[in-house]
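Naming convention: chains lettered A, B, ... in sequence-line order (proteins, then strands); numbering from 1 in each chain.
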There are 2 protein chains.
Amino acid sequence: MKAKKVGKIREHNSQKILLAAEQEFVKHGYKGTSMQVIADAADLPKANVLYYFKSKGALYAAVLTDILERWNEVLDELSEDDDPAETLARYIEVKVDLSISFPSASKIFAMEIIQGAPHLQDHLRTDMRRWVKDKSRIIESWISQGKMASVDPEHLIFMIWSCTQHYADFETQVLTVSNKQEYDSEDVQAIKNFLCHMILAGCGLEVPKEN
Amino acid sequence: MKAKKVGKIREHNSQKILLAAEQEFVKHGYKGTSMQVIADAADLPKANVLYYFKSKGALYAAVLTDILERWNEVLDELSEDDDPAETLARYIEVKVDLSISFPSASKIFAMEIIQGAPHLQDHLRTDMRRWVKDKSRIIESWISQGKMASVDPEHLIFMIWSCTQHYADFETQVLTVSNKQEYDSEDVQAIKNFLCHMILAGCGLEVPKEN
DNA sequence: GTCTATACAAGGATAGAC
DNA sequence: GTCTATCCTTGTATAGAC
């Protein structure tokens, strides 16, 4: 009974800390963020944060793991028999939604990569490389089936990533240049329409009507 | 005579510091980088760095100014009478070359934006917004002249930026996933071909033969 | 003009009181 | 299980010797 109650507190506090850490790490990167500001943002004493997570590095690793889990849920099932236009359009739209909904996640991931991926090299070399190879094979089979134009599958994947994540990572730039406070639902739809049109056109495909 | 000689030393050391600062800021961001590591990288005593640049903030500002100056040299003259296919293709190619040649510049700029552009808000609100408006007007005139398909000019510009800078900012990801050590000249050509094909196709244009 | 020595604040982590 | 007090390192910046 007592252990259960304590477990709940632990769960609750850990979650609060993870959220606060994500908010703070995005502002000044891993090295530039102190445990003190994370503790303040989580409204807990500094030592408490270090009690739940053994070290600053461990906390950061936990944040990254959280982000990657959210990422990995997308486009995990994909087959040669799927329709390229529909599949690519849906993937682009989901990526845009993720970027708009969880910009901090995309930003922390981006900073980690920009700085040379010191905490994610293994993930890039194993999981992500395998993921890209898998999807590339499917795209190549679509091409040889004549379902779409012949374009380099890896570069296509990189392009989708860069264009969609741009609206999260470079949010500040996009909004400031466009003189907006935040994205509204019309903006999001316009982004999806634009990216689907451009990328599918490059693949010799038409944007599917429904959705 | 003496002042001239000293001026040369000053020039030389300032340049060394700026270069070292760029190399170091890119690894851990503004807050995460200490004056000590910059001084070590420049092979000068720490106090010497603070002698040439009044403060850490001033040094960082100088690095950003340097980067923006290199950026701004591109596509500054552009007219309604230019050919869209040729102009866009050349712009994409120059941006790719810049990304491959000066990845650190692109990365520092990216981190600054990701973190909310605390040191560049003015630049975004004034110079960059004006730049984007100017170019958008030209693109719109191309569209109404029937020279290219009707696409949103601002999103087109954002797309070119994101796709080209991706090869600098996400260098680590691209290279690791592709299992390469660095970009070779064939890679660079493949990137240019791919991006030109995709973006021009989306604009209803053909990639020009020569170049 | 250049660099050594130092002031003073803030960082991560831990020991031990509650 | 939670938090206060503290240790030691590192950070920016400057004063003053050379």
Please check the phosphate of C:dT2 (OP1 and OP2 only) for any side-chain N or O of B:Tyr52 closer than 4.0 Å.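 Result: yes.
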Under 4.0 Å from OP1 or OP2 of C:dG11: is there any side-chain N or O of A:Ser34 that close? yes
Which whole-number value in Å describes the distance from [X] [atom1] to [N] [atom2]?
X       : N      : atom1 : atom2 : result
A:Leu44 : D:dG1  : CG    : P     : 15 Å
B:Asn13 : C:dT2  : CG    : C1'   : 10 Å
A:His12 : D:dT2  : NE2   : P     : 12 Å
A:Gln36 : D:dG11 : CD    : C1'   : 16 Å
B:Phe53 : C:dG1  : CZ    : P     : 14 Å
A:Glu11 : D:dG1  : CD    : P     : 13 Å
B:Asp40 : D:dG11 : CG    : P     : 10 Å
B:His28 : C:dG11 : NE2   : C1'   : 15 Å

Nucleic acid footprint by protein, nucleotides 13-18 of chain C - heavy-atom cut-off 4.0 Å, B for base, S for sugar-phosphate alone: BB----
Holding to salt bridge (Lys or Arg N to Asp or Glu O under 4.0 Å), I want the full list of residues that pass it with [X], two or more places apart in sequence or in another chain.
X        : answer
B:Arg137 : B:Asp134
B:Arg125 : B:Asp122
B:Lys192 : B:Asp97

To the nearest 0.5 Å, how far apart are CD in A:Glu112 and CG in A:Leu68?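 So the gap between those two atoms works out to 9.5 Å.
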Side chain to side chain donor-acceptor pair (under 3.5 Å) against [X], all qualifying residues, sequence neighbours excluded:
X        : answer
A:Asp187 : A:Lys180
B:Thr65  : none
A:Lys95  : none

Pairs touching residues 176-196 of chain B that satisfy ring-ring contact (aromatic ring centres under 6.0 Å, His included), sequence neighbours left out: A:His155-B:Phe194
Side chains of B:Lys31 and B:Gln115, heavy atoms from C-beta outward: is any pair under 4.5 Å?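 They are not in contact (no side-chain heavy atoms under 4.5 Å apart), so the answer is no.
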Counting heavy atoms from C-beta on, name the nucleotide in C:dT2, D:dT2, C:dG12 closest to the side chain of B:Tyr51.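 My answer, after comparing the listed nucleotides, is C:dT2.
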Quick check on contacts: within residues 58-66 of chain A, what sits under 4.0 Å from DNA chain C by heavy-atom distance? none
